[in-house]
Amino acid sequence: MNTPIVRPLAELRDKVRDWKCRGETIGVVPTMGALHEGHLSLVRAAKAACDRVIVTLFVNPRQFNNAEDFAKYPRTEHADAALLGPLGVDLLFVPDGNEVYPPEHATVISVSGVTGPLEGAHRPGHFDGVATVVTLLFNMTQADRAFFGEKDWQQLQLVRRLALDLKLPIEIVPCPCVRAPDGLALSSRNQRLTPEGRSRAAALPRTLFDAARRIEAGEPAAGTLTAARAELEAAGIGPVEYLELRDGETLQAPQRGRPARLLVAAWLDGVRLIDNVAVVLP
Ligand code: AMP
């Protein structure tokens, strides 16, 4: 059976009130739909940790800095509800854009620091859109726990910062990145790759992991990253927007003795791909 779709906020609030009255815990998995195994892994983690699970599906216009990307974003609501049914998700919340952002809506949530570099520098406005919609979704669902993928590493750090700074009564649960057998991180945008592009895409995680290993083995990061960029471009992946080693939590310069992260964004076939991997600094 498909997971029931709920659209009006009032209906969601009724359900949430019932569950809370019974003392049940609620998990939320925020998504933009076109669900794949990556999303489903978050749902399974939520089911294992919470009595009730809400998946939200909202293609948030405020986090797209590119109108074409928004227009082309895959929308597969009914297939998504069918995928969630067997996992025992209680409801799929698909709010109306006008209810999320009525014309008089005037509040923007903006997180500084962690959002400055990388995605923040290359996608102006993106993280304000993410922070605002995540806050709205937390308030609408009243969830006790929210599940986010490490695939979007910088976004995960933003959400953690936001929840801490605003003292939101919600636990942020990180979930590992799910990859295809050739290593490519699953993403709704991968559907837009041509078959030829899809076969070339495996060079992205391969080069990323290889550079991480070399840095962990003591090779100087700057030279390793210059060589890795050239490897990506030689494999037909480019332009490379960034390929940078950062502190895993603050996304500022990496520091010895703290977890670091190597993060990349690059274009292939007109599709923007992002990925990241942990690095233990020598
Ligand atoms: P999206 O629908 O792309 O906004 O993603 C919704 C949630 O699913 C975010 O927390 C993502 O980080 C997570 N997610 C997307 N792809 C993956 C993946 N391959 N592995 C794990 N989580 C993912």
Side-chain angles (χ1 to χ4, degrees), residues 27-49 53-66 69-70 72-77 79-81 83-84 87 89 92-95 100 114-115 118-119 123 126-127 129-138 141 143 145-163 170-193 198 201-202 204-205 208-209 248 251 261 263-265 271-278:
V28 66
V29 180
T31 81
M32 297 201 301
L35 301 183
H36 51 65
E37 264 306 312
H39 298 111
L40 301 186
S41 72
L42 271 53
V43 170
R44 289 190 194 98
K47 276 296 290 183
V53 174
I54 301 171
V55 174
T56 68
L57 192 178
F58 183 57
V59 184
N60 174 31
R62 303 242 178 147
Q63 74 186 70
F64 284 83
N65 56 315
N66 175 326
D69 190 28
F70 178 66
K72 285 193 178 163
Y73 202 86
R75 288 164 171 86
T76 58
E77 182 181 301
D80 292 344
L83 279 176
L84 295 175
L87 300 187
V89 170
L92 177 59
F93 179 51
V94 188
V100 179
V114 69
T115 61
L118 312 177
E119 293 296 288
R123 303 186 66 190
H126 168 67
F127 280 137
V130 170
T132 303
V133 82
V134 163
T135 307
L136 285 164
L137 291 168
F138 288 177
T141 59
R145 295 193 182 92
F147 297 77
F148 287 87
E150 293 183 348
K151 152 90 186 353
D152 298 278
W153 184 262
Q154 194 174 6
Q155 169 176 283
L156 171 63
Q157 305 317 312
L158 168 161
V159 175
R160 282 176 152 163
R161 189 74 260 151
L162 168 82
I170 190 163
E171 180 190 348
I172 308 302
V173 184
C175 302
C177 180
V178 178
R179 299 177 179 278
D182 67 357
L184 182 67
L186 299 187
S187 164
S188 308
R189 288 187 176 88
N190 293 352
Q191 300 179 15
R192 283 163 43 202
L193 293 169
R198 176 62 192 81
L204 185 72
L208 185 74
F209 293 162
L251 278 304
R261 208 85 193 172
L263 303 102
V264 66
V271 180
R272 190 172 179 279
L273 302 175
I274 61 171
D275 204 345
N276 68 86
V277 63

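Just so you know, these numbers come straight off a predicted model, no measurement behind them. Every number for a ligand or one of its atoms is a count from 1 in the order of the listing.
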Open item on the list: Is there a polar contact, in the sense of an N or O pair closer than 3.5 Å, between Cys175 and ligand 1?
Closed with: no
Open item on the list: Restricting to non-hydrogen atoms, name the atom on Gln154 and the atom on Glu119 that form the minimum distance, rounded to 0.1 Å.
Closed with: OE1-N, 3.1 Å
Task: Winner among Ala185, Ser187, Pro176 once heavy atoms are compared against atom 21 (C) of ligand 1 - done: Pro176
Open item on the list: Check whether Asp80 reaches the backbone of Arg75 with its side chain - one donor and one acceptor, N or O, closer than 3.5 Å.
Closed with: no
Task: Under 3.5 Å donor-acceptor, Asn60 side chain and Gly129 backbone - done: yes
- [ ] Search all heavy atoms of Ala185 against all heavy atoms of Asn190 and return the closest pair with its distance.
- [x] O-ND2, 3.0 Å
TODO: Of the side chain and backbone of Phe58, name the one, both, or neither that has a heavy atom under 4.0 Å from an atom of ligand 1.
DONE: neither
Task: Test item: Arg145 side-chain N/O and Ala49 main-chain N/O as donor-acceptor pair under 3.5 Å - done: yes
Open item on the list: Among all protein heavy atoms in this structure, tell me which lies nearest to atom 1 (P) of ligand 1, with the distance rounded to 0.1 Å.
Closed with: His39 NE2, 3.7 Å
TODO: Would you check the N or O atoms of Ser188, main chain and side chain alike, for any that come under 3.5 Å of an N or O of ligand 1?
DONE: no
Task: Protein contact to atom 10 (O) of ligand 1 [nearest heavy atom, distance to 0.1 Å] - done: Gly149 N, 2.9 Å
- [ ] Specify side chain, backbone, both or neither for Pro30, according to which of its non-hydrogen atoms lie closer than 4.0 Å to ligand 1.
- [x] backbone
- [ ] Select one of side chain, backbone, both or neither to describe which atoms of Ala34 lie under 4.0 Å from any atom of ligand 1, heavy atoms only.
- [x] neither
Task: Close approach of Cys177 to ligand 1, heavy atoms, under 4.0 angstrom - done: yes
Open item on the list: What protein heavy atom lies closest to atom 23 (C) of ligand 1? Include the residue and the distance to one decimal.
Closed with: Lys151 CB, 3.9 Å
Open item on the list: Does the residue His36 have a heavy-atom contact with ligand 1, meaning some pair of atoms that are separated by less than 4.0 Å?
Closed with: yes
Task: Part of Leu42 within contact of ligand 1 (heavy atoms, under 4.0 Å) - done: side chain
Open item on the list: On a heavy-atom basis, which atom in Thr76 and which in Ala34 lie closest, and how many Å separate them?
Closed with: OG1-CA, 3.2 Å
- [ ] Return the option from Asp275, Asp152, Ile274 holding the heavy atom at the smallest distance from atom 11 (C) of ligand 1.
- [x] Asp152
Open item on the list: Can you report which non-hydrogen protein atom sits closest to atom 4 (O) of ligand 1, along with the distance?
Closed with: Met32 CG, 3.6 Å
Task: Nearest non-hydrogen protein atom, atom 3 (O) of ligand 1 - done: Tyr73 OH, 3.8 Å
Task: Closest approach of Gly149 to Leu42 (non-hydrogen atoms, all atoms of both residues) - done: N-CD2, 3.8 Å
Open item on the list: For ligand 1 and Phe148, I'd like to know whether there is a polar contact (N/O to N/O, distance under 3.5 Å).
Closed with: no
